[in-house]
Number of protein chains: 2
Amino acid sequence: MAEIELGVTADLHVHLRDGPMMELITPTVKQGGVSIAYVMPNLVPPVTTIERVSKYREDLEKLCPDTRFLMTFYLSKELTEDLVAGAASKGYIHGIKCYPAGVTTNSKYGVDPNDFTSFYPIFRVMEKEGLILNIHGEKPGIKNESADENEDIHVLNAEPKFLPALRKLHEDFPKLKIVLEHCTTRDAIELIRDLNKGTGPQDEVYVAGTITAHHLSLTIDNWAGNPINFCKPVAKFPRDMRALVDAATSGERWFFFGSDSAPHPIEAKSTHVGVCAGVYTQSHAISYVAEVFDQQGKLENISKFVGSNGISFYGLKNVAKTDERAWLVQRENTVPEVIANNQGLKVVPFKAGEKLNWTVEWR
Amino acid sequence: MAEIELGVTADLHVHLRDGPMMELITPTVKQGGVSIAYVMPNLVPPVTTIERVSKYREDLEKLCPDTRFLMTFYLSKELTEDLVAGAASKGYIHGIKCYPAGVTTNSKYGVDPNDFTSFYPIFRVMEKEGLILNIHGEKPGIKNESADENEDIHVLNAEPKFLPALRKLHEDFPKLKIVLEHCTTRDAIELIRDLNKGTGPQDEVYVAGTITAHHLSLTIDNWAGNPINFCKPVAKFPRDMRALVDAATSGERWFFFGSDSAPHPIEAKSTHVGVCAGVYTQSHAISYVAEVFDQQGKLENISKFVGSNGISFYGLKNVAKTDERAWLVQRENTVPEVIANNQGLKVVPFKAGEKLNWTVEWR
């Protein structure tokens with residue numbers, strides 16, 4: 001039976017929500033094979049104060065004391081330079097998440113990516129303090145009557161249309177650590193590689209891309225007619241999926257795992273209008289990834305993708321909460337039809353009912 | 001109050017189903033402003049015999065004696081040249097519908113578009129008898145491990161990928177009347193125009209495209225997360241929608257209305273996996289179209305699109321069942337949230353709950 005030691009693993013983009021959903025989902029971080037989880041702040045209202053971020057971390061730690069939770073602020077006009085500097089120096093946050101307004105779940109408090117300059121004072125503090133800027137890289141659609149095709153923004157080009165803003169930001173802040181979250185296009189992969197062209201083996205990486213588990217095996221045809229696979233950014237074309245798989249399995253230091261696991265109650269997915277965007281993968285996170293690496297014959301690189309690449313980018317050596325280490329074990333592992341509590345809350349996981357070939361053990 | 005006489009109107013692509021759904025939906029053909037409806041044969045099993053086609057028409061006429069129902073066979077290996085010639089000469093059918101296998105609702109009995117030649121004997125009979133060949137123009141996706149991007153078939157390029165087969169068919173049967181049903185791409189519009197380049201004002205049209213009501217106002221962003229707007233072929237990009245609007249409102253004789261109204265019970269739309277493809281527009285068919293023509297300032301061409309162009313292509317002069325004529329009247333017209341019977345069957349119409357500005361009256 002094949003076994004691979006993964007060591008300390010990191011999922012650098014998780015949604016754990018609050019209330020009953022948080023209670024149901026938080027323990028599944030460890031079940032899914034993850035030692036360190038970087039927790040997104042898109043609650044209602046968004047997390048923008050030290051009080052809320054520490055209370056949120058305490059709540060999560062109570063539910064799952066073995067997992068290291070890293071916290072983040074939601075980039076908004078409520079943040080001040082002093083607040084950010086204080087939160088960083090005291091270790092309350094590891095980064096700040098930037099949502100363009102209106103592109104995904106609870107993003108209405110987000111920013112206009114055409115106006116990043118108003119946040120430049122904050123970015124300067126982040127650069128100095130070594131905070132990570134995590135970007136949801138989609139350009140919001142603008143309703144207009146223009147007949148100019150180049151002006152069209154839609155779910156398939158929103159990420160490519162955002163990329164020039166990322167390039168500009170890196171030019172303006174070359175030492176700011178930036179993550180393009182949940183890359184979904186070949187264009188995004190090419191840009192991350194391009195921006196790291198001069199990065200030598202010993203050099204610090206400043207711009208990286210996270211890739212989810214589900215985008216490694218979904219294309220547009222999988223979510224057309226299957227709301228359970230609908231997320232933002234949406235899965236794109238087969239050529240894009242191939243580029244993501246190539247990047248994830250490459251071992252390159254600027255690509256690492258951020259599941260963007262985003263649980264919704266089944267009622268929010270089984271509806272004829274207004275389906276919530278998000279795919280829930282947390283409970284089997286590493287197993288989904290292993291499936292793809294195995295198919296590609298690249299299991300030798302999986303611990304870089306789900307461990308060392310992200311841990312090193314975030315500067316997270318020795319932050320695991322326990323001495324347990326994750327092992328990937330080749331053993332049949334059936335995804336349940338539903339993850340539920342006994343009050344009727346039900347979340348349907350990615351690939352519900354399907355058999356995976358790898359499971360994670362803690363030793 | 002603005003009024004426009006539409007005269008005899010035609011919807012040259014309708015799905016009326018069977019059983020309770022047929023009973024609920026068939027009367028809405030007239031409510032939606034349509035005199036003549038061409039009824040698709042994708043029942044289970046598909047309609048491929050004279051007995052079934054005449055029984056089906058009788059059932060429909062009982063439900064709605066004022067509507068002229070035109071019937072069609074489902075192209076499959078069960079059809080023989082004699083059967084088709086007999087059905088045509090006795091007026092049982094006006095055309096034959098061709099579904100590529102596996103692309104939409106009940107299409108598993110369909111044909112492989114890479115192998116049209118096996119149907120050439122049937123097409124020869126159709127050409128001779130003046131039957132219409134109605135094509136669902138999508139190339140079925142082929143699961144393969146190819147890394148060649150040009151081999152990828154997905155919901156967004158399935159129609160463009162099919163177009164060379166249409167061009168070939170027209171070359172091989174220049175006098176066969178072919179309709180590319182429910183055009184959704186700029187590529188399709190351009191091909192139909194290209195194939196009619198030499199068609200003079202008095203010449204017979206041999207290749208035409210139908211356009212639905214919903215594709216005149218939907219793009220991919222409207223069905224991403226809204227299963228009620230999910231249909232096959234899926235709505236594409238803004239540039240495609242603009243091309244469809246331009247074609248429909250142009251008055252050109254090779255573009256006319258085929259709603260592809262496709263009712264499903266709400267349970268088949270409100271589900272997290274396996275949403276049925278189809279948008280139901282029948283009850284407000286002409287009003288949806290009028291909305292778009294009005295916005296474009298092209299109401300002077302609407303009677304061509306919903307009437308004379310299709311009627312002339314199909315050779316349908318004087319087949320209206322009654323002396324009533326459709327009038328478009330500018331009057332607020334709210335789409336109901338649901339069309340239902342008293343046994344719990346519910347269909348959610350397109351733009352449910354929205355206010356339209358035009359209604360149809362029969363005079």
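Hydrogens, waters and symmetry mates are skipped; everything else that's a heavy atom, side chains included, is used.
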Taking all non-hydrogen atoms of both residues, which atom of Ile220(A) and which atom of His154(B) are closest, and how far apart? CG2-CB, 4.2 Å
Got a donor-acceptor contact below 3.5 angstrom from the Asp152(B) side chain to the Pro238(A) backbone? no
Taking His272(A)'s backbone N and O only, do any of them form a donor-acceptor pair with Ser270(B)'s side chain (distance below 3.5 Å, no angle check)? yes
Quick check on Val273(A) against chain B: is it the side chain, the backbone, both or neither that has a heavy atom closer than 4.5 Å? both
Most contacts with chain A, counted as non-hydrogen pairs under 4.5 angstrom, among Gly225(B), Ala268(B), Ala224(B): Gly225(B)
Within residues 244-251 of chain B, which residues come under 4.5 Å of chain A, heavy atom to heavy atom? none
Given the options Lys269(A), Arg239(A), Lys232(A), which has more heavy-atom pairs under 4.5 Å with chain B than any of the others? Arg239(A)
Would you mind telling me which of Ala352(A), Cys276(A), Gly274(A), Pro227(A) has the largest number of heavy-atom pairs within less than 4.5 Å of chain B? Pro227(A)
Quick check on Lys298(A): does its NZ atom have over 12 non-hydrogen neighbours (other residues, nucleotides or ligands) under 6.0 Å away? yes
Ala101(A): side chain to side chain contact (heavy atoms under 4.5 Å, CB included) partners, not counting sequence neighbours: none
Applying ring pair (Phe, Tyr, Trp, His ring centres under 6.0 Å) to His215(B) and not counting sequence neighbours gives none
Using only non-hydrogen atoms and a strict under-4.5 angstrom cutoff, which residues of residues 185-193 of chain A touch chain B? Arg186(A)
Nearest-0.5 Å distance, CH2 of residue Trp223(B) to CH2 of residue Trp223(A): 4.0 Å
Show, in sequence, the C-alpha distance, side-chain angles and deciding distance for Leu156(B) and Phe237(A), and conclude whether the side-chain contact (heavy atoms from CB on, under 4.5 Å) test is met. CA-CA 9 Å; Leu156(B) 289 182; Phe237(A) 296 112; 3.7 Å; yes
